[in-house]
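Worksheet: one structure, shown below.
Hydrogens, waters and symmetry mates play no part in the numbers below; they use all other heavy atoms, side chains included.
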2 protein chains.
Amino acid sequence: MTKNDQHDLPVNPDLVLIGQALKIISGKWRLYIILLVGDETRRYSELNESLPAISEKVLAGELKALVALGVLDRKVYAEIPPRVEYTLTSKGRLTLPILKQILEIGRIFNY
Amino acid sequence: MTKNDQHDLPVNPDLVLIGQALKIISGKWRLYIILLVGDETRRYSELNESLPAISEKVLAGELKALVALGVLDRKVYAEIPPRVEYTLTSKGRLTLPILKQILEIGRIFNY
DNA sequence: CAGCATCCTTTGAGATACTG
DNA sequence: CAGTATCTCAAAGGATGCTG
């Protein structure tokens, strides 16, 4: 029976889910990227231009992470010049309506 | 007509709202704190115990920030020992159902 | 009890040059 | 075009001791 024994506090199972969700959406650019892709197919250069303030390194890193997390699909076309397209996975699409709700928070605190 | 002229890209007004929302919810602890307060009244010590991994400095700082942002109300009781209680403001309460939706994202990527 | 002050470590992010 | 490699920096977060 340690001090942190589970019986001490009824651990809120939601806290675990928050952690899972934060793995997906936390960071300065995640929400922007996921919402910009939306239901479309986006090329790297499109995203780069839509987010002028992001650096190439960060964008490439975030895209790679989101692919690894199963949020984005990455499709490479063997063309010259190269073309790479990103779309939401089925799981990624499930998050879309939720992320759009987050925009409401912006509205709430804007006026 | 500069390169960044607004006419060049139909700037997504949602991007602005994301920025507003991120001011409220971004960071490692914001979601936890807001959801833990929920519809209840929480003391500093309660929050501190519910989030064993947070340091006192960070918790105090986040609470102060959330009060400044208009998310939390802070009520001090002139007692000994001191008692400080936090509740959501009316705006803060408006975010609750949205933040609860975010838990769904955790579920989506958990299985 | 509910913090603040100080110091320190870690992480995220930006700039730039370069490559398949 | 779509990235990588390096370097650098700022900010977030953590540990600890102290106080009204």
Side-chain angles (χ1 to χ4, degrees), chain A residues 3-4 8-9 15 18-19 21-34 36-37 40-69 71-87, chain B residues 3-4 8-9 15 18-19 21-34 36-37 40-69 71-87:
Chain A
K3 190 186 165 200
N4 286 333
D8 286 11
L9 12 125
L15 298 192
I18 298 175
L22 286 176
K23 284 198 179 83
I24 307 296
I25 63 164
S26 82
K28 187 171 173 180
W29 298 107
R30 294 281 171 91
L31 291 180
Y32 291 102
I33 293 171
I34 300 174
L36 275 174
V37 175
E40 318 283 319
T41 293
R42 300 285 191 198
R43 298 184 61 165
Y44 177 88
S45 52
E46 270 187 286
L47 294 169
N48 202 15
E49 284 157 27
S50 301
L51 297 169
I54 199 172
S55 75
E56 294 181 7
K57 188 204 85 169
V58 172
L59 177 55
E62 292 299 287
L63 289 171
K64 186 181 279 188
L66 287 169
V67 169
L69 286 164
V71 180
L72 290 180
D73 270 330
R74 180 176 186 270
K75 191 166 184 189
V76 187
Y77 293 85
E79 301 173 355
I80 292 180
R83 179 160 57 109
V84 179
E85 291 182 346
Y86 294 90
T87 52
Chain B
K3 189 184 166 202
N4 284 333
D8 287 12
L9 9 127
L15 299 192
I18 298 175
L22 286 176
K23 284 198 178 84
I24 307 296
I25 63 164
S26 82
K28 188 172 174 180
W29 298 108
R30 293 281 171 92
L31 291 180
Y32 291 101
I33 293 170
I34 299 174
L36 276 174
V37 175
E40 319 282 320
T41 294
R42 300 284 190 200
R43 298 184 63 163
Y44 177 87
S45 52
E46 271 187 285
L47 294 168
N48 202 16
E49 284 155 28
S50 301
L51 297 170
I54 199 172
S55 75
E56 293 180 7
K57 188 203 86 168
V58 172
L59 177 55
E62 292 299 287
L63 290 172
K64 185 182 280 189
L66 287 169
V67 169
L69 286 164
V71 181
L72 291 180
D73 270 330
R74 180 177 187 270
K75 190 166 185 189
V76 187
Y77 293 84
E79 302 173 352
I80 292 181
R83 179 160 57 110
V84 179
E85 291 181 345
Y86 294 91
T87 52

Task: Most 5' of B:Lys57 and B:Ser45 on DNA chain C, judged by nearest nucleotide - done: B:Ser45
TODO: Please figure out whether A:Ala53 or A:Glu56 has its closest DNA chain C nucleotide nearer the 5' end.
DONE: A:Ala53
- [ ] Using atom types as modelled and distance alone, determine if a side-chain donor or acceptor of A:Glu46 lies under 3.5 Å from a backbone N or O of A:Arg43.
- [x]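 Yes, the answer is positive, given that a donor and an acceptor are paired below the 3.5 Å cut-off.
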Open item on the list: Strictly distance-based, threshold 3.5 Å: is any side-chain N or O of B:Arg30 a donor or acceptor partner for the main-chain N or O of B:Leu66?
Closed with: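 Checked: no pair found.
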Out of [options], which nucleotide sits closest to the side chain of [X]?
X       : options                : result
B:Pro82 : C:dA13, D:dG20, D:dG13 : D:dG20
A:Lys28 : C:dA2, C:dG14, D:dC1   : C:dG14
A:Glu62 : C:dA13, D:dT4, C:dG3   : C:dA13
B:Val84 : D:dG3, C:dG3, C:dA13   : C:dG3
B:Val58 : C:dG14, D:dG13, D:dC1  : D:dG13
B:Ser55 : D:dA2, C:dG14, D:dA15  : D:dA15
B:Tyr86 : D:dT4, C:dG3, C:dG20   : C:dG3

Mind checking the [atom1]-[atom2] spacing from [X] to [Y]? Nearest 0.5 Å is all I need.
X       : Y       : atom1 : atom2 : result
A:Tyr44 : A:Glu49 : OH    : CD    : 11.0 Å
B:Lys64 : B:Arg74 : NZ    : CZ    : 8.0 Å
B:Leu36 : B:Leu31 : CG    : CG    : 10.5 Å

Rounded to the nearest Å, what distance is computed from the [atom1] atom of residue [X] to the [atom2] atom of nucleotide [N]?
X       : N      : atom1 : atom2 : result
B:Leu63 : C:dC4  : CG    : P     : 9 Å
B:Asn48 : C:dA2  : CG    : C1'   : 9 Å
A:Arg83 : C:dG20 : CZ    : C1'   : 18 Å
A:Glu49 : D:dC1  : CD    : C1'   : 11 Å
B:Leu72 : C:dG3  : CG    : P     : 11 Å
B:Leu59 : D:dA15 : CG    : P     : 14 Å
A:Ile54 : C:dG12 : CD1   : P     : 14 Å
B:Ile33 : C:dA2  : CD1   : C1'   : 15 Å

Open item on the list: Please classify the nucleic acid contact of A:Gly61 as base, sugar-phosphate, or nothing, using heavy-atom distances under 4.0 Å.
Closed with: nothing
- [ ] Under 4.0 Å between any heavy atoms, over every strand shown, what does B:Tyr77 touch: base, sugar-phosphate, or nothing? Just pick one.
- [x]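 No contact.
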Open item on the list: Whether A:Arg43 contacts D:dA2 is assessed here as follows: a side-chain N or O lying under 4.0 Å from the phosphate OP1 or OP2. Is that the case?
Closed with: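 Indeed, a polar side-chain atom of A:Arg43 lies that close.
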- [ ] Examine C:dA2: is either OP1 or OP2 under 4.0 Å from a nitrogen or oxygen in the side chain of B:Arg74? Give yes or no.
- [x] no
Open item on the list: Check whether B:Tyr86 forms a cation-pi arrangement with B:Arg42 (NZ or CZ under 6.0 Å from the six-membered ring centre, at most 45° off the ring normal).
Closed with: no
